[in-house]
Amino acid sequence: MSNKYISKEARISKLLENKVSHLEGDVSDSFKESIWVLIKYCDSKKGFTLFNDKRYNTLSFFSLFRLELEKILNRSVDDISKEKNASGSMVSSILYNIKNEILWVESKWRKKHDKLNSFIDFIQTTNMWISSDRNFSVNSRVGEINNELLVIADILVGIQTITSEVNKSENNNVNICKYCFRVTLSSWNLCCKNHASDTYNEKRTNTAYNRGKRNFNKLGDDDKKSLSLYKALRESLGDEVYFYSNFSSSDYLEGGTLLIDATLHNAIYNIQKDDWSQETIKLVEKHLAQFSNIFEKIKPYLSKSSSYYEFRQSCLSQSILDHEEEPSEHPYWLFQALKIENSFRQPRKNSKKSIT
C-alpha cells in the first residue's frame with residue numbers, strides 16, 4: 001500500500017518499530033520499554049493526536065514522548081552520576097531543557113519546524129560532545145545513553161518528515177465529509193470520523209453514518225448549498241485562497257479569489273500578520289456574533305486566548321467543532337466551519353435542543 005494511504009499514526013508507529021528492531025549499538029531495556037509505550041499509543045484505537053491537545057482521556061503523542069524522555073534522562077543522570085562522569089552535566093542540560101520548555105516548545109513545533117530543528121540540533125550536539133569526552137567508553141552506561149540520544153534525534157527527524165509529508169498531502173488534497181465540514185480520515189472515505197460507519201463487537205454499524213445523513217437532511221436548502229459550496233471550494237483551493245472586499249480590492253483578481261465581507265477580510269489580514277490585538281479580536285467577534293446558535297460558546301475564548309492559534313485550538317476542540325484533525329491553519333476555513341456548525345445547531349421547532 002502506498003504511504004499516501006497510510007495514516008500518520010501508523011507511519012510513526014512503523015518508524016518507532018524499525019528503530020527498536022534495528023538499533024545500532026547498545027541501549028538500556030528501559031529505553032526500549034519507553035519506545036514501546038509510544039508504539040502502543042500510536043496503535044491505540046482511543047485516538048491519536050500529535051501535539052498538546054487532550055483527547056479521548058489520553059495525552060498527545062509529544063506530551064507522552066516528553067514524559068518518557070524525562071524518565072529515560074532521569075535514570076541516565078542518576079546512572080552517570082554514579083560513574084562520576086562529566087557527560088552527566090550534558091544529559092542534565094537536556095533534561096532541564098525539556099522540563100522548562102527552553103527548546104522543547106511543543107506548542108510552536110506544529111507551526112514552525114525550525115523550532116523542532118533547534119531541539120534536534122541540541123540532542124545531536126550533545127551526542128557529539130559526549131563522544132568527544134576523553135572518559136567516554138562505548139561499553140559503559142554513558143555509551144548506552146549516547147546511543148539513546150542518537151535514536152531520539154533520528155525519531156524526531158523521522159516524525160518531522162512524516163508530518164511534513166502528511167500535512168502537505170492533507171492541505172493540497174483534502175477531502176471533506178459528505179455530511180459536514182470535517183476532513184475525512186482518508187481519500188477513500190466519504191465521511192469524517194464522526195459520521196463514518198464503524199465496527200462494534202465485530203459487527204458493522206451505520207449508526208454514525210445515519211446520524212450524519214439525518215442531520216444533513218434537516219438543514220434548509222440555503223444551508224445545504226452553503227455546505228456544498230464550502231466542500232467544493234475547500235477541496236479545489238486548499239490554502240491557495242485570496243479575497244476581494246471593500247477592505248482591500250485589486251484591479252487584478254488571482255485564481256481562487258473570493259468575494260467576502262470587509263470585516264472578515266480585515267480580521268483574516270490581521271491574523272495572517274500575527275496580529276491578535278484587541279482590534280483584531282473585536283473584528284472576529286463582530287463577524288462571529290451573527291452565528292447566534294454557537295456564538296455564546298465561542299465568545300469566552302476570544303477574551304481568554306492570548307493568540308489566534310490558542311483561539312483556533314479552542315474552536316477545534318470537542319466542545320465546539322470536534323475537529324482537532326483539521327490540517328489547514330488558514331483562518332478562512334475555520335470561520336467557514338463555525339458558520340456551518342452554527343447551521344447544524346439551529347434549535348428544533350418547539351424545542352431548545354439542537355440537531356447535533
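The model shown is predicted, which means the values in this text are computed figures rather than measured ones.
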Checking side chain to side chain contact (heavy atoms under 4.5 Å, CB included) for the pair Y209/K178: CA distance, chi angles, key distance, verdict? CA-CA 10 Å; Y209 179 88; K178 185 177 180 180; 3.5 Å; yes
Taking salt bridge (Lys or Arg N to Asp or Glu O under 4.0 Å) as the test, write out the residues that go with D154, two or more places apart. K19
What pairs with E70 under salt bridge (Lys or Arg N to Asp or Glu O under 4.0 Å), at least two apart in sequence or on another chain? R66
Side-chain heavy atoms nearer than 4.5 Å, only ILVMFWY residues, links allowed to pass through others: does that put [X] and [Y] together?
X    : Y    : result
F344 : L338 : yes
L229 : I268 : yes
L302 : L283 : no
I176 : L227 : yes

Nearest 0.5 angstrom please: [X] [atom1] to [Y] [atom2], how far?
X    : Y    : atom1 : atom2 : result
H195 : Y179 : NE2   : OH    : 10.0 Å
I294 : I340 : CD1   : CD1   : 11.0 Å
L67  : F62  : CG    : CZ    : 13.5 Å
N194 : N215 : CG    : CG    : 10.5 Å
D29  : S34  : CG    : OG    : 11.0 Å
C315 : I320 : SG    : CD1   : 5.0 Å

For [X] against [Y], the heavy-atom pair lying closest together:
X    : Y    : answer
I39  : S13  : CG2-OG, 3.6 Å
S328 : R312 : O-NH2, 2.9 Å
I12  : C42  : CG2-SG, 3.9 Å
L15  : I159 : CD2-N, 3.7 Å

Do [X] side-chain atoms and [Y] backbone N/O form a donor-acceptor pair below 3.5 Å?
X    : Y    : result
S248 : Y244 : no
T184 : C191 : no
N293 : N342 : yes
D239 : H330 : no
S305 : Y308 : no
Q124 : L150 : no
H323 : V183 : yes
E326 : L316 : no
R182 : A337 : no
W276 : E310 : no

Between I260 and F335, does the side chain to side chain contact (heavy atoms under 4.5 Å, CB included) criterion hold? Intermediate values first, please. CA-CA 12 Å; I260 65 170; F335 294 134; over 6 Å; no
Check the surroundings of atom [atom1] in [X]: do more than 12 heavy atoms from other residues, nucleotides or ligands lie under 6.0 Å from it?
X    : atom1 : answer
N217 : CG    : yes
N246 : CG    : no
K231 : NZ    : yes

Is there side-chain contact between [X] and [Y], with at least one heavy-atom pair below 4.5 Å?
X    : Y    : result
D322 : E341 : no
Y242 : L258 : no
N266 : T280 : no
K71  : S30  : no
C192 : C180 : yes

Taking side chain to side chain contact (heavy atoms under 4.5 Å, CB included) as the test, write out the residues that go with S319, two or more places apart. Y301, S317
Partners meeting ring-ring contact (aromatic ring centres under 6.0 Å, His included) with [X] (sequence neighbours left out):
X    : value
Y332 : F243
F122 : none
F247 : H265, Y269

Which label fits Y41 and F61: parallel for a plane angle under 30°, tilted from 30 to 60°, or perpendicular past 60°? tilted
Do we get K224 above F216's six-membered ring, with its NZ or CZ under 6.0 Å from the centre and within 45° of the axis? yes
Using the salt bridge (Lys or Arg N to Asp or Glu O under 4.0 Å) rule, take E279 and K282 through it: C-alpha gap first, then chi angles, then the decisive distance, then the call. CA-CA 5 Å; E279 178 188 351; K282 286 179 180 178; over 6 Å; no
Assess the residue pair W333 and F181 against the criterion (ring pair (Phe, Tyr, Trp, His ring centres under 6.0 Å)); give the C-alpha distance rounded to whole Å, side-chain angles, the decisive distance to 0.1 Å, and a yes or no. CA-CA 9 Å; W333 299 127; F181 53 83; over 10 Å; no
For side chain to side chain contact (heavy atoms under 4.5 Å, CB included), just list the numbers for K297 and R345, CA-CA rounded to whole Å, side-chain angles, deciding distance to a tenth of an Å, and then say yes or no. CA-CA 12 Å; K297 290 184 70 69; R345 297 199 185 202; 3.2 Å; yes
Does I155 form a side chain to side chain contact (heavy atoms under 4.5 Å, CB included) with I35? I'd like the steps, not just the answer. CA-CA 10 Å; I155 288 171; I35 300 301; 3.8 Å; yes
